[in-house]
Amino acid sequence: MHSPDRRGMMSDMRLRRAPLLTLLLTLGISTAEARVRLGEPLPQHPWTAAAQEVVVVYSHDCGDLGDLWSAVLAAGLPVRAVNAEGFPSPAPAGVQAWTGEAATLFARQLRVGAYPTVLLVQDGRIMNAWEGTFSGKLD
């Protein structure tokens with residue numbers, strides 16, 4: 001029986017992690033500008049938490065989020081959409097957006113400074129945050 005060498009296992013691990021790394025690089029994560037506090041637990045929410053997930057907090061006036069949604073969905077992690085500020089705005093097919101007063105309260109408890117905000121969450125805690133306009137290009 002042939003067992004994989006370390007090099008084979010490492011390349012397999014890199015392939016699985018590449019979409020998440022691509023997402024973070026594409027978004028140009030800048031925690032210096034984010035008011036969301038890293039390491040804090042997410043406020044109360046209606047979904048069952050995953051070990052790792054991406055939370056997108058957005059509002060109706062964010063403009064075209066097509067490129068952002070594409071990058072987020074390509075990460076291969078569960079995606080949670082939070083449509084804040086009381087004006088319904090759709091999420092991509094297959095992603096159920098949380099709306100209403102509770103969704104807006106969630107955004108305010110996070111101290112979201114700009115919409116859209118993308119959070120990388122691990123075990124219920126915010127590991128990274130990005131806020132602002134998404135151009136779809138590496139800056």
Side-chain angles (χ1 to χ4, degrees):
M1 205 169 173
H2 181 268
S3 62
D5 62 10
R6 288 181 64 106
R7 210 172 26 158
M9 286 191 291
M10 293 299 282
S11 66
D12 287 345
M13 286 177 26
R14 278 191 299 262
L15 289 175
R16 280 188 293 238
R17 292 187 180 180
L20 180 59
L21 179 59
T22 301
L23 170 67
L24 295 176
L25 290 173
T26 301
L27 292 176
I29 300 287
S30 173
T31 58
E33 296 175 15
R35 296 187 322 174
V36 174
R37 295 197 179 151
L38 303 184
E40 284 192 356
L42 285 180
Q44 186 174 352
H45 51 75
W47 61 84
T48 302
Q52 242 187 356
E53 57 195 349
V54 176
V55 178
V56 179
V57 185
Y58 67 102
S59 72
H60 68 287
D61 61 353
C62 288
D64 182 7
L65 296 178
D67 289 338
L68 174 66
W69 285 121
S70 293
V72 166
L73 293 171
L77 295 173
V79 176
R80 316 306 184 190
V82 180
N83 180 199
E85 304 306 330
F87 294 96
S89 182
V95 176
Q96 179 68 39
W98 178 26
T99 62
E101 290 180 27
T104 299
L105 178 61
F106 177 87
R108 292 185 181 155
Q109 288 175 337
L110 284 170
R111 292 175 296 282
V112 168
Y115 295 120
T117 291
V118 179
L119 307 173
L120 175 61
V121 178
Q122 184 169 342
D123 297 323
R125 295 197 173 274
I126 302 165
M127 302 309 293
N128 217 334
W130 171 86
E131 297 178 324
T133 304
F134 180 68
S135 67
K137 299 176 185 174
L138 292 173
D139 293 0

### Task
List the atom of Thr48, the atom of Glu53, and the distance in Å for their closest heavy-atom pair.
O-OE1, 4.4 Å
Show me, pair by pair, the donor-acceptor contacts under 3.5 angstrom made by side chains of residues 97-106, not counting sequence neighbours?
unit_1	atom_1	unit_2	atom_2	d
Thr104	OG1	Glu85	N	2.7
Thr104	OG1	Gly100	O	3.4

### Message
Quick check: do Leu110 and Val82 have side-chain heavy atoms less than 4.5 Å from each other?
### Response
no
### Query
Is it true that a side-chain atom of Tyr58 and a backbone atom of Ser89 form a donor plus acceptor pair closer than 3.5 Å?
yes
### Task
Please report the C-alpha distance between Leu65 and Val56 in whole Å, then the side-chain angles of each, then the deciding distance to 0.1 Å, and finally whether the side chain to side chain contact (heavy atoms under 4.5 Å, CB included) criterion is met.
CA-CA 11 Å; Leu65 296 178; Val56 179; 5.6 Å; no
### Task
Check the surroundings of atom CD in Gln96: do more than 12 heavy atoms from other residues, nucleotides or ligands lie under 6.0 Å from it?
no
### Query
How close do Trp69 and Ala81 get, heavy atom to heavy atom, and via which atoms?
CH2-CB, 3.7 Å
### Query
Given side chains that start at C-beta, do those of Arg80 and Leu42 come closer than 4.5 Å, heavy atoms only?
no
### Query
Just by modelled atom types, is the Leu120 backbone N or O under 3.5 Å from a matching donor or acceptor in the Asn128 side chain?
no
### Minimum-distance pair of heavy atoms, taken over all atoms of Tyr115 and Ala107
OH-CB, 3.6 Å
### Query
Tell me, do Val72 and Val95 make a side-chain contact under 4.5 Å, heavy atoms counted?
no
### Any donor-acceptor N/O pair, Gln122 side chain to Met127 backbone, under 3.5 Å
no
### Message
If you compare all heavy atoms of Arg111 against all heavy atoms of Glu131, which two are closest, and at what distance to 0.1 Å?
### Response
O-OE2, 4.1 Å
